[in-house]
Participant: 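Structure incoming, see below.
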Amino acid sequence: MGKGKVDALLGIVFGDEGKGKIVDVFTPRYDIVARFAGGPNAGHTIIFGGKKFVLRSIPSGIFDEGKTNIIGNGCVIAPDLFMQEAKELEQAGYDLKSRLHISRRAHLILPTHRLLDRAYEAAKGKDKVGTTGKGIGPTYSDKASRTGLRVGDILNNFQGKYNMMKARHEQILHDLGFTGYDIRQEERLWMQGIEYMRQFPLTDTEIELGKALKEGKSVLAEGAQGTMLDIDHGTYPFVSSSNTVCGGVCTGLGVAPSSIGEVYGIFKAYSTRVGSGPFPVELLDETGDKIRETGHEYGAVTGRNRRCGWLDLVALRYAIMINGVTQLIMMKSDVLDDFAEIKVCTRYTKDGIVTDEMPYDTEGWNAVYETLPGWQTDLTQMTGESQFPKQLKDYIAFIEQATGTPITIVSVGPDRAQTIER
Ligand code: IMP
């Protein structure tokens, strides 16, 4: 952690790596926690004071009273869902209104964006992305088309702008043959959300961050989703619509590349993916089912079954390169406690070609594995690396060697205490 620096904590595969838990462990070390991309498609699960919270748009630093939290310009925000999420935290006793600053440049997700998300997915048929249905793609599309509504618009002739945008969306929905919806109730709640948001500091967060960094404050940029869901570097078109990689920290918060310090790349000891798209390591057998059941791999936002597979070093190496990862964090190691053998994908193959580099089009590639012995030991009670079984140490060394990057934290269970720093 560097003074006057922004450290990034990034999911480096398909999201759901357990960022929420690690941000919670890291937060005491930072002055500011900031979200830079995505929106309510994320679901960061945090267990705090014995209660489980799922944070969608709000940074995980919110549980720590002394910290400032920022929703940066690169994020998209749904006022109704934000209000729900924030009120739940307020009811649990957390003060938000002075500590949560929202960028005026962040874009608003309208109820009609959510309808468009559904309509576009329906139109795609079997090629659908399998989105979370939160309107993420259509909102970022409007941003890129320069027709979006921003948080700052709340403060200035809002209703007129809203009506115009809604009418445009309704025309598109009509053209797509997507009719028969009734969003009156949703819209009422959404407008209440707009009023509620007015009570928060709606600010120029990039300027605040610039000043804070100059004063030597430390910032943690909390990623959402993962590198393989990045709009540029993920498995396009089966991706989300923002830059989830380290470059997104700079654009999504308005901080300079030279202010980036440590880049923590977080991954699970195995792989998961939600939604459609290529997934060469996918296990469609009882091994995959066992990983899903042991790891409780069901979506935090949609409840969907997550697709499960072995660790993919092709993806990991690619993500380490794109993000400039300086330290790796391996989550959910304990989920592999009960396997006699553990496989690791080191290369992909298709039509007689073998590669260890991420192909442009991951469709149709098969994983090539190396097999390592499992540790078949309960890791969940371990408190230090010295207690690790030899097979786990070998597994860690294998990954470090293959990626050229140290694993500095190993998580062995959901609790904060089950986090072993090396
Ligand atoms: P969208 O972000 O809702 O547009 O969904 C695009 C793709 O990203 C879908 O495959 C989603 O399942 C996936 N996705 C979006 N957010 C998350 C996340 O937080 N964790 C895992 N997958 C996600």
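In each ligand, atom 1 is the first atom listed, and ligand 1 is the first ligand listed. All figures in this text were calculated on a predicted structure; none of them were measured in a lab.
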Participant: Taking atom types as modelled and ignoring hydrogens, do the side chains of S240 and Q225 form a donor-acceptor contact shorter than 3.5 angstrom?
Facilitator: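 Short answer, no.
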Participant: Sequence neighbours excluded and cut-off under 3.5 Å, please list the side-chain donor-acceptor pairs for residues 105-114, or say none.
Facilitator:
from : atom 1 : to   : atom 2 : distance (Å)
R105 : NE     : E206 : OE2    : 2.9
R105 : NH2    : E206 : OE2    : 3.4
T112 : OG1    : H169 : ND1    : 2.8
H113 : ND1    : L110 : N      : 2.9
H113 : ND1    : T139 : OG1    : 3.3
H113 : NE2    : D142 : OD2    : 2.7
R114 : NE     : E186 : OE2    : 3.1
R114 : NH1    : D80  : OD1    : 3.3
R114 : NH2    : D80  : OD2    : 2.5
R114 : NH2    : E186 : OE2    : 3.1

Participant: So that I know where these two stand, are W190 and Y196 an aromatic pair - ring centroids less than 6.0 Å apart?
Facilitator: no
Participant: So Y395 and F388, ring-ring contact (aromatic ring centres under 6.0 Å, His included) or not? Walk me through it.
Facilitator: CA-CA 11 Å; Y395 190 62; F388 284 175; over 10 Å; no
Participant: Do the two ring centres, one from F82 and one from F200, sit under 6.0 Å apart?
Facilitator: yes
Participant: For the side chain to side chain contact (heavy atoms under 4.5 Å, CB included) test, which of L209, D204, T205 pairs with I207?
Facilitator: D204
Participant: Would you please write out the protein residues whose heavy atoms approach any atom of ligand 1 to under 4.0 angstrom, listed by chain and number?
Facilitator: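 Lining ligand 1: F14, D16, N41, A42, V129, G130, T131, T132, I136, Q225, L229, V239, S240, V274, G275, R304.
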